[in-house]
Amino acid sequence: MTDTPVSPLRQRMIEDMTIRKLAPKTQASYIRAVRNFTAFLGRSPDQTSAEDLRRYQLHLASSGVAVPSQNATVTALRFFFAVTLGRSEITQRMPFVREPRKLPVVLSPEEVARFLQAAPGLKYRAALSVAYGAGLRANEVISLKIGDIDSTRMVIRVEQGKGHKDRYVMLSGHLLELLRAYWKAARPQGWLFPGRDPVQPLTTRQLNRACHAAAQVTGIDKRVSLHTLRHSFATHLLEQKVDIRVIQVLLGHKKLDTTALYSQVATKTIREVRSPLEQLVMTPPA
């Protein structure tokens, strides 16, 4: 807690975000973006002009701010001016920056097996196996509770994932055996993966540390993160010829275009495509 007084304008913005049930991290990000803009402006943001916003975007671009951060700032300022100030017209000429789309890093099944074997302890091996075996995001893994594992229906309930949506994902027999072994050894209560304080869940930072430690032990020559396991999950399903719309539901993607990206890294599927060169009748080289 802090004794620093909150301005009426910031308080109203907080209330607007609370009404719309924005996640705490999103609220903090929006507040930070408006605070940084106010510092640049040098006066209260309710006195902003469209030209001020243009100058600020130019400032961000020329300062080398990463494209995702620039777009996050635009999103936050659009919310502030449109919702809190009721001046949506002022942000109409604030463009989002087009971000180069890069292909995700994907591990082979053999690399995934080595990686999971190298996890630092049974708890982290179980957590990382859930991330890969069910395609969950880091925050979704640490938010799991004991009751979310449904061994009768062989599914895992993901409660309030990204976009405040619930969904079910598959629970493989191998993963269930691993989770049962972990439960017998650790006897967690409430949270499936509790942190140092059992009342709180494991943090994404702790899980990421375990991920990086496992990658370092295996010596995998790729940039491995928690999201790499999710990318690998989707790609391997696609290579098993699982319908892309099913994969979309499992991942909790809103748009099919997002899931379709994995078709570009499903190398097994690509290798199985016969090149038209094979159809040509040509004289072999001398």
Side-chain angles (χ1 to χ4, degrees), residues 1-102 104 137-143 159-165 195 197 200-209 212 223 225-227 252-255 257-258:
M1 297 294 291
T2 176
D3 294 329
T4 304
V6 177
S7 70
L9 198 54
R10 178 180 295 190
Q11 182 59 41
R12 184 174 180 83
M13 183 181 179
I14 292 172
E15 292 169 357
D16 289 335
M17 293 188 292
T18 302
I19 290 171
R20 288 157 182 78
K21 297 187 181 299
L22 298 190
K25 286 179 66 175
T26 302
Q27 293 194 30
S29 174
Y30 281 17
I31 290 293
R32 184 167 55 251
V34 175
R35 184 176 64 240
N36 291 342
F37 171 68
T38 303
F40 169 83
L41 189 63
R43 60 181 186 275
S44 177
D46 59 359
Q47 302 174 26
T48 300
S49 67
E51 181 60 26
D52 291 327
L53 291 174
R54 182 181 181 279
R55 288 193 303 109
Y56 187 56
Q57 279 199 278
L58 182 60
H59 165 74
L60 295 177
S62 59
S63 299
V65 176
V67 170
S69 296
Q70 290 185 49
N71 287 335
T73 297
V74 171
T75 301
L77 292 178
R78 283 188 172 187
F79 178 92
F80 173 70
F81 284 103
V83 178
T84 302
L85 292 182
R87 297 180 62 193
S88 57
E89 76 287 346
I90 200 175
T91 62
Q92 288 179 356
R93 297 182 65 181
M94 287 189 74
F96 286 103
V97 184
R98 188 177 180 85
E99 187 175 5
R101 197 166 192 181
K102 298 180 180 179
R137 302 175 178 90
N139 195 57
E140 293 172 343
V141 173
I142 64 170
S143 299
E159 188 173 356
Q160 295 295 287
K162 188 175 181 179
H164 303 289
K165 295 182 292 185
D197 178 1
Q200 300 295 330
L202 198 68
T203 65
T204 54
R205 188 173 185 177
Q206 290 169 320
L207 193 55
N208 273 304
R209 282 178 177 172
H212 295 149
R223 294 184 63 181
S225 67
L226 255 299
H227 226 65
H253 282 165
K254 186 176 181 180
K255 297 180 180 179
D257 287 352
T258 307

J.: Could you tell me the separation between the OG atom of Ser49 and the CZ atom of Arg55, rounded to the nearest 0.5 Å?
T.: 7.0 Å

J.: Hey, could you give me the CD1/CZ distance between Ile142 and Arg205, rounded to the nearest 0.5 Å?
T.: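 It comes to 13.5 Å.
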
J.: Any donor-acceptor pair under 3.5 Å linking the side chain of Asn71 with the backbone of Val97?
T.: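 Answer holds: yes.
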
J.: Using modelled atom types and a 3.5 Å cut-off, is there a donor and acceptor pairing between side-chain atoms of Gln206 and backbone atoms of Thr203?
T.: yes

J.: Are there over 12 heavy-atom neighbours, none belonging to Arg43, within less than 6.0 Å of that residue's CZ?
T.: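 Above 12, so yes.
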
J.: Determine whether more than 12 heavy atoms belonging to other residues, nucleotides or ligands lie under 6.0 Å from atom CZ of Arg93.
T.: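 Counting other residues, nucleotides and ligands, CZ of Arg93 stays at 12 neighbours or fewer.
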
J.: Under 3.5 Å, is there a donor-acceptor pair between the side chain of Thr91 and the main chain of Ser88?
T.: yes

J.: Check residues 13-20 and write down every donor-acceptor pair under 3.5 Å in which the side-chain atom is one partner and the other belongs to a residue at least two apart or another chain.
T.:
unit_1 : atom_1 : unit_2 : atom_2 : d
Glu15  : OE2    : Gln11  : NE2    : 3.4
Asp16  : OD2    : Thr84  : OG1    : 2.9
Thr18  : OG1    : Ile14  : O      : 2.7
Arg20  : NH1    : Asp16  : O      : 3.0

J.: Which value, rounded to the nearest 0.5 Å, describes the distance between Glu51 atom CD and Leu58 atom CG?
T.: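 Rounded to the nearest 0.5 Å, the CD-CG separation comes to 9.5 Å.
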
J.: Gln57 pairs by side chain to side chain contact (heavy atoms under 4.5 Å, CB included) with which of Val65, Asp52, Leu77, Val74?
T.: Val74

J.: What is the distance from atom OG1 of Thr48 to atom CG of Leu41, rounded to the nearest 0.5 Å?
T.: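 The OG1 atom of Thr48 sits 4.5 Å away from the CG atom of Leu41.
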
J.: With sequence neighbours excluded, give me every ring pair (Phe, Tyr, Trp, His ring centres under 6.0 Å) pair touching residues 7-37.
T.: Tyr30-Phe79, Phe37-Tyr56

J.: Once rounded to the nearest 0.5 Å, what's the spacing between atom CZ of Arg78 and atom OG1 of Thr73?
T.: 12.5 Å

J.: Ser29 side chain to Lys25 main-chain N or O, any donor-acceptor pair under 3.5 Å?
T.: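 Flag not set: sc Ser29 to bb Lys25 has no pair under 3.5 Å.
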
J.: CD of Gln92 to CZ of Arg87: how many Å apart, nearest 0.5 Å?
T.: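 Gln92 CD to Arg87 CZ: 12.0 Å, rounded to 0.5 Å.
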
J.: Holding to ring pair (Phe, Tyr, Trp, His ring centres under 6.0 Å), I want the full list of residues that pass it with His212, two or more places apart in sequence or in another chain.
T.: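 Counting only residues at least two positions away or on another chain, His212 forms no ring pair (Phe, Tyr, Trp, His ring centres under 6.0 Å).
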
J.: When you measure from the side chain of Ser7 to the backbone N and O of Arg10, does any donor-acceptor pair fall under 3.5 Å?
T.: yes

J.: Of all the heavy-atom pairs spanning Leu226 and Ala138, show the shortest one and how long it is.
T.: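 So the minimum-distance heavy-atom pair works out to CG-CB, 4.0 Å.
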
J.: I'd like to check Phe80 versus Leu9 (side-chain heavy atoms, cut-off strictly below 4.5 Å). Are they in contact?
T.: yes

